[in-house]
Amino acid sequence: MSNSVTATKARTLVRTVTGEHKLEGGGFPVRRPFPTHVLDHVDPFLLLDEAGPFPPQEDGDMNDHPHRGFETLTYVLSGDFLSHDSTGFKDVFHTGDVEWTTAGSGIVHGGAPITGSTPMRGIQLWVNLPKAKKWIDPKSTRVEAATIPSIERSDSGYAVKVLAGSAEGVTGPVQTTWPILYLHYKLQAGATVSLDTNQAQDVMLYVLRGSIALSGNDNVSEGQLGILSNGDRVEFSNAADGKTELLLLGSEPIGEPVARYGPFVMNEREEVFQAFDDFNNGKFPMPTSN
């Protein structure tokens, strides 16, 4: 009797999308791979913005604005900002922290970089909620940098922070309503990474700086999003002369209709119209103060 070994399948590059430069809020510069005219969303991910760096400025605050039907993750790469919302939440976020907000049935929030802090840079990620969870209670949570585990692999030349999901036996503190994988890699010159992944999850990579090489000699460079094929392993190496930094995102698709406009993401157009009506008619709770 012979032993059988199940072969693993490395994911390959299916599509590359280059982030577009835009201005958001009070003039915040962002680089956005989606949503754009070439890519609307990657189920269940609705938006990915690389924001900054930008210095604090008096007219650069984020005015109070509503959301309904999804969750937001704001990952602070540098700088400090104050955030508040209509649940009564108010806190100061520092480098490495994550603001995890569940909009659910409706939330209004805002904030601003703190004057005198270092130039702010961060990642904004929107994660959809399934139809059965669109109307859950809103909430915001500060996930402190110290609670986010980091894996150091000096023999392979990389380090990775596990924000959400599990990697290399380590689980991150962010537990979105619809589960995701959210990893932040930093690679030294010559570094290589091989990560086992859940075959049921779709996986993509966004390069913040530098460049990576994937199986099949495909490259993904700074400001580009690489959407990968199915498989149970991701393999990539640093293709830059210096350091490379990237995000790895994964999740099983929700597989439901998406109707969206601006700050509201629902399943049907009529639900989006209702969200606008509810907000305009004062049915959303409002922050008590800034």
Quiz item: Under the 3.5 angstrom rule, does the side chain of N267 hit a backbone N or O of P257 as a donor-acceptor pair?
Solution: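 Answer holds: yes.
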
In this structure, would [X] and [Y] fall into the same cluster of hydrophobic residues linked by side-chain contacts under 4.5 Å?
| X | Y | result |
| --- | --- | --- |
| V220 | M204 | no |
| Y182 | V170 | no |
| L247 | L181 | no |
| L48 | V42 | yes |
| L225 | L205 | no |

Quiz prompt | Connected-component partners of V14 among ILVMFWY, side-chain separation under 4.5 Å | solution =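 ILVMFWY cluster around V14 holds nothing else.
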
Quiz item: How is the hydrophobic cluster of L129 composed, in terms of its other members, when Ile, Leu, Val, Met, Phe, Trp and Tyr link through side-chain heavy atoms under 4.5 Å apart, directly or indirectly?
Solution: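 Traced through the cluster, L129 reaches I136.
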
Establish, from distance only, whether the side-chain atoms of [X] and [Y] form a donor-acceptor pair under 3.5 Å.
| X | Y | value |
| --- | --- | --- |
| S78 | T118 | no |
| T102 | E71 | yes |
| S83 | E99 | yes |
| S156 | T192 | no |
| Q224 | T16 | no |
| D64 | H84 | yes |
| W178 | S251 | yes |
| N238 | T244 | yes |
| K134 | N128 | yes |

SB check [X] [Y] (cutoff 4.0 Å):
| X | Y | value |
| --- | --- | --- |
| K131 | E271 | yes |
| R32 | D49 | yes |
| D278 | R68 | yes |
| R209 | E222 | no |
| D97 | R142 | yes |

Quiz prompt | Of D85, T72, T87, the residue whose pairing with S140 passes side chain to side chain donor-acceptor pair (under 3.5 Å) | solution =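 Of the listed options, the one satisfying the test is D85.
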
Around [X], counting heavy atoms of other residues, nucleotides and ligands shown, do more than 12 lie under 6.0 Å from its [atom1]?
| X | atom1 | answer |
| --- | --- | --- |
| D241 | CG | no |
| R269 | CZ | no |
| N281 | CG | yes |

Quiz item: When the ring centroid of W126 is compared with that of H67, is the distance short of 6.0 Å?
Solution: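 Centroid separation for W126 and H67: below 6.0 Å.
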
Quiz item: Could you walk me through whether K243 and K186 pass the side chain to side chain contact (heavy atoms under 4.5 Å, CB included) check?
Solution: CA-CA 7 Å; K243 296 179 180 179; K186 292 184 178 180; over 6 Å; no

Exercise. Would you please test V162 and H184 for side chain to side chain contact (heavy atoms under 4.5 Å, CB included) and show each step?
Key: CA-CA 7 Å; V162 184; H184 179 195; over 6 Å; no

Practice problem: Tell me, with the steps shown, if S229 and T12 meet side chain to side chain donor-acceptor pair (under 3.5 Å). | Solution: CA-CA 5 Å; S229 67; T12 57; 3.2 Å; yes

For [X] and [Y], work out which heavy atoms get closest and say how close.
| X | Y | result |
| --- | --- | --- |
| F264 | P66 | CZ-CG, 3.8 Å |
| P119 | P53 | CB-CB, 4.3 Å |
| Y185 | L195 | OH-CD2, 3.6 Å |
| L13 | R15 | CD1-O, 3.5 Å |
| P173 | W100 | O-CZ3, 4.4 Å |
| T95 | D80 | N-OD1, 4.3 Å |

Student check: side-chain heavy atoms of [X] and [Y] closer than 4.5 Å:
| X | Y | value |
| --- | --- | --- |
| V234 | L228 | yes |
| V127 | I180 | yes |
| P44 | P130 | no |
| V193 | S237 | no |
| D202 | N230 | yes |
| K161 | S150 | yes |

Self-check item: Sequence-distant partners of R11, salt bridge (charged side-chain N to carboxylate O under 4.0 Å, His left out), two or more places apart
Solution: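 Here no residue qualifies.
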
Practice problem: Kindly write out the residues that satisfy salt bridge (charged side-chain N to carboxylate O under 4.0 Å, His left out) with E20, not counting sequence neighbours, or none if the list is empty. | Solution: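 Residues passing salt bridge (charged side-chain N to carboxylate O under 4.0 Å, His left out) with E20: K22.
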
Quiz item: Of all residues at least two apart in sequence or in a different chain, which pass the ring-ring contact (aromatic ring centres under 6.0 Å, His included) check with Y261?
Solution: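 For Y261, the residues satisfying ring-ring contact (aromatic ring centres under 6.0 Å, His included) (neighbours in sequence not counted) are F276.
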
Exercise. Can you sort out the partners of Y206 under ring-ring contact (aromatic ring centres under 6.0 Å, His included), two or more places apart, ordered by chain and number?
Key: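 Y206 satisfies ring-ring contact (aromatic ring centres under 6.0 Å, His included) with no other residue.
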
Euclidean distance, [Y] [atom2] relative to [X] [atom1], rounded to 0.5 Å:
| X | Y | atom1 | atom2 | value |
| --- | --- | --- | --- | --- |
| D91 | H94 | CG | NE2 | 7.5 Å |
| H109 | S86 | NE2 | OG | 9.0 Å |
| L82 | K90 | CG | NZ | 5.5 Å |
| L248 | I212 | CG | CD1 | 8.5 Å |
| S166 | L183 | OG | CG | 9.5 Å |
| F70 | F45 | CZ | CZ | 14.5 Å |

Exercise. Applying side chain to side chain contact (heavy atoms under 4.5 Å, CB included), run through L125 and T74 and close with a yes or a no.
Key: CA-CA 6 Å; L125 181 68; T74 304; over 6 Å; no

Practice problem: Mind running side chain to side chain donor-acceptor pair (under 3.5 Å) on T197 and D232 for me, showing each step along the way? | Solution: CA-CA 5 Å; T197 56; D232 50 19; over 6 Å; no

Practice problem: Measure up the F279 and F284 rings against each other and bin them: parallel (under 30°), tilted (30 to 60°), perpendicular (over 60°). | Solution: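 Rings of F279 and F284: perpendicular, as their planes differ by over 60°.
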
Exercise. Kindly assign one of parallel, tilted or perpendicular to the pair F89 and F93, based on the angle between their ring planes and the thresholds 30° and 60°.
Key: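 It falls in the tilted class, 30° to 60°.
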
Self-check item: Residues N219, S211; criterion side chain to side chain contact (heavy atoms under 4.5 Å, CB included); working and verdict
Solution: CA-CA 7 Å; N219 280 37; S211 178; 3.6 Å; yes

